[in-house]
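Numbering of ligands and ligand atoms starts at 1, following listing order.
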Amino acid sequence: MAANDLAADLDAFLAEHDDELIEFRRDLHAHPELANFEYRTTRRVALRLTAAGLRPVIMPKGTGLLVDIGSSNGQDADAERPVVALRADLDALPMADEKDVPYRSTVPNACHACGHDVHTTVLLGTGLFLAGQAAAGLLPGRVRLVFQPAEEAASGALDVLAAGGIASVGRIFALHCDPRLDAGQLGVRSGPITAACDRVQVRVSGPGGHTARPHLTVDLVYALGKIITEVPAALSRRVDPRSSLSLVWGRVSAGTVANAIPDSGIAEGTVRCLDDEAWHSAPDLLKELIDSVASAYGVNAEFSYQRYVPPTVNDQASAAMISAAALGVLGAGSVVHTPQSLGGEDFAWYLESIPGALARLGTRVPGSTAVQDIHQPTFDVDERAIGVGIRVMASAAINGLWDDGTMVAQPLPGVNG
Ligand SMILES: [Zn+2]
Ligand SMILES: [Zn+2]
């Protein structure tokens with residue numbers, strides 16, 4: 001299908017559904033639900049999809065849902081095409097909504113400050129549009145909508161994977177609101193776009209003793225100091241600097257009095273990383289470095305490493321596909337290069353097993369000079385971004401279904417900046 005036919009179909013769909021979708025987003029915004037408690041949101045999305053003739057499946061824990069649109073061979077019975085998945089996240093943040101708007105949160109200490117209400121509405125609208133395309137025989141394969149719970153808890157993507165949510169999926173796309181870009185713009189990046197952020201804790205212990213006689217015990221505070229300074233330094237010499245693997249301590253504690261060597265101490269910090277391979281190797285490498293410094297000073301070191309999410313690494317073909325999709329339906333100048341963020345995003349878990357891309361959906365009012373960020377209690381969007389997101393997601397899904405591998409290894413088309 002020609003891109004201009006798709007653009008015209010999207011125009012017609014949005015002219016009919018834009019008001020309803022904005023209303024839908026405002027309702028979600030007024031009724032935010034925290035990670036793993038997105039029951040109302042799940043129900044509302046499921047009811048609307050069902051009303052459109054689709055058959056959503058609620059995930060086993062009762063929050064989150066999946067729905068397939070179209071058939072995997074489209075109109076061509078011989079060509080089994082892989083499914084293209086589109087993902088949105090449903091949950092809100094545990095913080096107060098400080099905006100003065102009619103759709104302000106009605107739930108104390110819960111706020112859609114990360115824009116997941118927008119993501120959910122964009123995916124719902126995309127699903128309604130694609131259902132219409134499928135009914136008209138215009139969808140060349142099967143698209144799966146993944147309405148994922150619990151992104152902010154970094155566990156929802158794993159629940160989707162455990163529920164078989166990306167079985168037979170060949171490629172996956174997602175959008176995330178970005179208030180640093182204007183509504184109408186899409187930020188795209190090939191390679192890492194968000195970072196891993198894990199937690200590290202080191203507990204050291206020794207016999208303790210008088211500070212007059214460190215040689216008769218182990219000088220625990222000195223050893224802890226060595227771990228704090230030498231491990232991050234050694235780390236930077238043991239991994240490729242381009243992976244940006246860094247360990248930064250946030251809490252260190254040992255001892256109670258000036259003249260006694262304590263028998264225990266603790267250091268806690270975060271590991272951030274932009275490279276998937278370095279992320280996988282980080283726990284073993286850190287354990288080795290900590291053990292070697294601790295043993296040099298005779299202290300015992302217990303090390304615990306808490307995984308959060310991997311870095312999100314966009315595959316080049318998928319980034320090119322969503323970029324081409326956006327240019328086709330939004331026009332020249334709509335796609336911009338987006339920088340890597342050191343924030344975490346659990347979409348990364350999908351990209352550990354299938355190719356895909358996360359892109360940034362501009363939500364700033366064009367011309368506005370206000371500096372906003374997500375996770376702020378006043379975060380809000382230019383709601384025209386909803387229609388923009390639907391255009392991009394629908395077009396990316398259709399591009400993904402038509403893909404025959406020829407887009408692999410092409411540079412991002414038309415990316416400015
Ligand atoms: Zn967030
Ligand atoms: Zn988010």
Original post:
Name of the H176 N, O or S atom nearest the Zn ion (ligand 2)?
Top reply: NE2

Original post:
Is the distance from the Zn ion (ligand 2) to some N, O or S atom of H116 under 2.8 Å?
Top reply: yes

Original post:
Does D382 reach the side chain of T363, with side-chain heavy atoms less than 4.5 Å apart?
Top reply: no

Original post:
Any side-chain heavy atom of E268 within less than 4.5 Å of one from V200?
Top reply: no

Subject >> Mutual orientation of the aromatic rings belonging to H29 and H112 [parallel < 30°, tilted 30-60°, perpendicular > 60°] >> reply: tilted

Original post:
Side chains of Q316 and S190: is there a donor and an acceptor less than 3.5 Å apart?
Top reply: no

**OP:** Go through the side-chain N and O atoms of D380 and Y103 and say whether any donor and acceptor fall under 3.5 Å apart.
**Re:** yes

**OP:** Please determine if the Zn ion (ligand 1) has an N/O/S atom from C114 lying under 2.8 Å away.
**Re:** yes

**OP:** Examine E152 and say whether one of its N/O/S atoms is closer to the Zn ion (ligand 1) than 2.8 Å.
**Re:** yes

Original post:
By atom name, which N, O or S atom belonging to H375 lies closest to the Zn ion (ligand 1)?
Top reply: NE2

